[in-house]
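Everything on this sheet refers to the single structure shown next.
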Amino acid sequence: MSRFDPSLVIDAEKCRFNYPQVLICRPVGKKFRPFPTSFWLVCPYLIKLAGKIEAGGGVKELENFLIKNKLEKKWHEYNFLHQLIRIKLMNKNQAKFMRKFHGKIFKSLIRGGVGGINYNFENVNVKCLHLQTASFIALNHHPASEWLKSKGLCLEAYCDKILCKNF
């Protein structure tokens, strides 16, 4: 994997100990390299917790929650919101350059939902609890916020200052 481009970072949402939980990132970095996610989870505690829940079938559980609670429309709107955010985070000159010289990449960037993933807007397809958690924390909104909070995947998550300090 290539090294992370620090110029992508715009800002960060921080936990109660003032450590970064989620990085807010530009969709295009140096040399016009695309970065697929606007919100990147970096809190070690939440990364570990999301991974554990995901390994236990959490992605399917979240999909089922959205369907059971008839939140499909809100889910599609949420992914559309991420498309708009990605466009708004793009510098006008970058967008113009990308559209003209890297059309496929540009279309991919602006069509992606949560985490830049191209969603089928007819079904409920959730990818990665890390992306869902980062998005929820950054926007303080998610169609399944109730489910995410019940799993501890939220801004108010209990974390250990020592764990964060080592980050």
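Heavy-atom basis, side chains included; hydrogens, waters and symmetry copies ignored.
The heavy-atom pair separating Leu49 from Gly152 by the smallest distance is CD2-O, 3.6 Å. Residues Leu62 and Ala144 share a closest heavy-atom pair of CD1-CB, 3.3 Å.
Using a cut-off of 4.0 Å between Lys/Arg side-chain N and Asp/Glu carboxylate O, Lys60 and Glu63 are scored as salt-bridged.
Separation of the His141 and Phe136 ring centroids does not fall under the 6.0 Å cut-off. Annotation: His76 is not in aromatic contact with Phe80 [ring centroid separation under 6.0 Å not met].
Rounded to the nearest 0.5 Å, atoms CE (Met90) and NZ (Lys96) are 14.5 Å apart. To the nearest 0.5 angstrom, Phe65 atom CZ is 10.0 Å from Glu61 atom CD. Rounding to the nearest 0.5 Å gives a distance of 4.0 Å between CG of Leu153 and CD1 of Ile53. Atom OG1 of Thr133 is separated from atom CZ of Phe39 by 13.5 Å, given to the nearest 0.5 angstrom. Expressed to the nearest 0.5 Å, how far CG of Leu46 lies from NE2 of His130 amounts to 9.0 Å.
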TODO: Given side-chain contact (heavy atoms from CB on, under 4.5 Å), test Lys68 with Asn64 step by step and report yes or no.
DONE: CA-CA 6 Å; Lys68 179 184 171 199; Asn64 290 337; 5.7 Å; no

Open item on the list: The test is side-chain contact (heavy atoms from CB on, under 4.5 Å); show your working for Gln21 and Tyr45 and say whether it passes.
Closed with: CA-CA 9 Å; Gln21 273 188 322; Tyr45 173 79; over 6 Å; no

TODO: Could you please spell out the steps behind the side-chain contact (heavy atoms from CB on, under 4.5 Å) verdict for Ile24 and Trp40?
DONE: CA-CA 7 Å; Ile24 301 163; Trp40 187 19; over 6 Å; no

Open item on the list: Working note: His82 + Ser135, criterion side-chain hydrogen bond (donor to acceptor under 3.5 Å, both in side chains); need CA distance, chi angles, decisive distance, verdict.
Closed with: CA-CA 9 Å; His82 279 74; Ser135 177; 2.6 Å; yes

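With Glu54 contributing its side chain and Leu129 its backbone, the two residues share a donor-acceptor pair below 3.5 Å. With Gln132 contributing its side chain and Lys127 its backbone, the two residues share a donor-acceptor pair below 3.5 Å. Judged purely by atom type and a 3.5 angstrom limit, Asn79 uses its side chain to pair as donor or acceptor with the backbone of Trp75. Using a distance-only test at 3.5 Å, with no hydrogens or angles considered, no donor-acceptor pair links the side chain of Arg86 to the main chain of Thr37. The main-chain N or O of Ser7 is found under 3.5 Å from a side-chain atom of Asp5 such that the two form a donor-acceptor pair.
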